[in-house]
Protein chains: 2
Amino acid sequence: MDQAAGRRREPTMRDVAALAGVSTKTVSRVINDQPGVGPEATERVRAAAHTLGFRPNLTASSLRRSDRRSATLGVLFEDLSNPFDSALLRAVEDRARSSGVLVLTGSDEDDPRLQRELLALLASRRVDGMIVMAVGGHQDALQQERERGTPMVLVDRPPTFANTDSVTTTNRESTREAVLLLASLGHRRIGFLGDRQALWTSQQRYTGYLEGLAHAGLTLREDLVMTDLRGPDAAEAATATLLDLAQPPTALFTAQNLLTLGAMRTLRDRRLHHRIALIGFDDFPLADMLEPSVTVIRQDVPAIGRTAAELILARIEGDQAPVVHAVIPALLISRGSGEIPPQPD
Amino acid sequence: MDQAAGRRREPTMRDVAALAGVSTKTVSRVINDQPGVGPEATERVRAAAHTLGFRPNLTASSLRRSDRRSATLGVLFEDLSNPFDSALLRAVEDRARSSGVLVLTGSDEDDPRLQRELLALLASRRVDGMIVMAVGGHQDALQQERERGTPMVLVDRPPTFANTDSVTTTNRESTREAVLLLASLGHRRIGFLGDRQALWTSQQRYTGYLEGLAHAGLTLREDLVMTDLRGPDAAEAATATLLDLAQPPTALFTAQNLLTLGAMRTLRDRRLHHRIALIGFDDFPLADMLEPSVTVIRQDVPAIGRTAAELILARIEGDQAPVVHAVIPALLISRGSGEIPPQPD
DNA sequence: CTGAAAGCGCTAACAC
DNA sequence: GTGTTAGCGCTTTCAG
């Protein structure tokens, strides 16, 4: 047995047909469970296929078949090693596999160039449809792909172009709810740490923050708002800046899971983690094991993935219903860090 | 623009050839950067391809081409939503993409039936090779696939059959090292929590534990060993059992990341997390944020993924070197929980 | 330098 | 019921 080269030629329908003494078309019918083959011939074909170890070549079949299906979906996310992305992939995968569909994946790192390249690689493999997390900024590459007719569903962020389904969550509403919770405990100085403002989710969450302040009758203090933070280190520094203010915040809202980690780190370092309230967007593993346990807004990732998969599969099947923008509710999970009242100095 | 049905026919090389006034073969040469086309014809083809928005159909090309390459890899892991698996996928993906190769994924949940099914789905799409985490127990399906000539690399666990590359880590050696560290601090009763013994990694780590005890001159106490634990809840219960012994352990070694979490939970509940030492196999996000920070053995996941990808890509290229069983060193990360000395009662 | 003919493995559309 | 012919989009082979 060779490791690779001299890879054995896979048996074809011709080989099976020859052994069974029928035509390739008859083999095709048997393999695809199509009617019009006698029980005896069916049996001979089955036996021949089995002895040869025949396995249909899906790529050849999809080339010829009229529907052109490859039974393969493209999934293009920001970073598949991020727990949010990988949980989403898993949900998509499960739903797809139950329809015999496999998933071709890629991570575009929120880089438009990379996204365009990966889109092309997926397209050249003729996937039946794509589930994509749009990069921040321009969605040109996506729009072009969509306009070529590729069935597409966006997740996490909606399209900026027409006629394309999406599945998102209640970014604005849930953030507002969190801010209102903090306000109801008596917090009047609530800091906000946000991701890149080019991202739709960041904008939504920031809007929710503003709405929450307004509903609570609090005025926005610009010095308590830090945005365009990339990653935990930036959040760590931003938190330090906020805490060094003459009038520091008594509560923090972090608009993304990595930012929550950074903020926590600084709070711990300063031994303020039991004195300053913290609510974060996006749950993360072990949030319940920290001290204090971290109150978060949890997206229903399995539902988002399942919904996206169901949408794309339906579109591939030819579903012509009007565009769908599904919004899956997120949930505020109270664990402790969000329930800390304002502390006297 | 329709959502799906009536999907536009993609332009073909024939279309491009017609527009450029050349034969399809000339188009093929230009698209594939093959020599033997004049600069003028090349330009005409390029222009035609651009105006039509032509994109090569890789599935048709791979069907006809002599090397049969689909530039696609199959990746079959236990659970892509597990941080270990997804980090591995990401590493594989990055290395593959730099060679223009995409990855078709699947999660088999360590279920032999599912693994067999997914292997068949991958094979019917004629992936060039597979990177697989073998399920515990029999590797029949894998071996059969391998014997058909499919290039294959196993990760995390080695093959039980011949002639197949693998990439694993220093399970035994690193565990031994951890146990020796605990012993050097004066611990004489070191508990062991292990995953299913059917898994090769579990066996290796248990062997390392035994070696560590032996090297330290400690005798094995069977009542301190709990194996075949599936998931954090089982570990939680097992830890409670150990702590209830007349002579409870003063240190614990947990042989898998989920088990570490379970053990920690019980230690916290009993307020023993600062009194009983703990070292876990596999790092996990936030291990450094807990109190105390958790000492772990960290696998070099990016190196494992990259190595596996490089191996499979080389085999696909026809590399005939002898079988490789790469072992990537793991690292003991001291963070605090593993450095707690034995406490007087 | 370029193209015509054949065919990869399979299925559509018809014939028998 | 079953087979024949043609052709999916591309590349091989070989002829000019």
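Chain letters run A, B, ... following the sequence lines, proteins first, then strands; residues in each count from 1.
With Thr307(A) as the partner, the side-chain contact (heavy atoms from CB on, under 4.5 Å) test is satisfied by one option alone out of Val92(A), Val153(A), Val167(A): Val167(A).
Within the 4.0 angstrom heavy-atom criterion, only backbone atoms of the sugar-phosphate kind lie near Pro56(B); the bases stay farther away.
With hydrogens and angles disregarded, no donor-acceptor distance shorter than 3.5 Å links the side chain of Asn57(A) to the backbone of Arg125(B). For the pair Gln139(A) (side chain) and Thr160(A) (backbone), a donor-acceptor distance under 3.5 Å is present.
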Shorter than 3.5 Å, N or O on both sides, protein versus nucleotides 11-14 of chain D: list them out with atom names.
unit_1, atom_1, unit_2, atom_2, d
dT11(D), OP1, Asn32(B), ND2, 3.1
dT11(D), OP2, Ser28(B), OG, 2.7
dT11(D), OP2, Asn32(B), ND2, 3.4
dT11(D), O2, Arg64(B), NE, 3.3

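In this structure, CG of Leu63(A) is placed 9 Å from C1' of dG7(D), rounded to the nearest angstrom.
Here Ser23(A) reaches the OP1 or OP2 of dG3(D): one of its side-chain N or O atoms lies under 4.0 Å away. At dG9(D), one or more side-chain N or O atoms of Arg68(A) fall inside 4.0 Å of OP1 or OP2 (strictly under the cut-off).
Look at Arg65(A) and Asp67(A) and you find a salt bridge, because one of the NZ, NE, NH1 or NH2 atoms lies within 4.0 Å of a carboxylate O, short of that distance. Electrostatic pairing of Arg46(A) and Asp33(A) counts as a salt bridge here, judged by a charged N lying under 4.0 Å from a carboxylate O.
Scanning residues 37-49 of chain A for heavy-atom distances under 4.0 Å to DNA chain C yields an empty list.
Nucleotides of DNA chain C lying under 4.0 Å from heavy atoms of chain A occupy a range whose first and last members, 5' to 3', are dG9(C) to dA13(C).
For the pair Glu93(B)/Ser107(A), a side-chain contact is recorded, criterion being any heavy-atom separation below 4.5 Å from C-beta on. Residues Arg146(A) and Leu142(A) are not in side-chain contact: their nearest non-hydrogen atoms beyond the backbone lie 4.5 Å or more apart. Contact of the Leu88(B) side chain with the Met133(B) side chain is registered, since non-hydrogen atoms from C-beta on lie closer than 4.5 Å.
Heavy-atom contacts from other residues, nucleotides or ligands closer than 6.0 Å to NE2 of His138(B) number 12 or fewer.
With hydrogens and angles left out, the side-chain atoms of Ser61(A) and Arg64(A) include no donor and acceptor closer than 3.5 Å.
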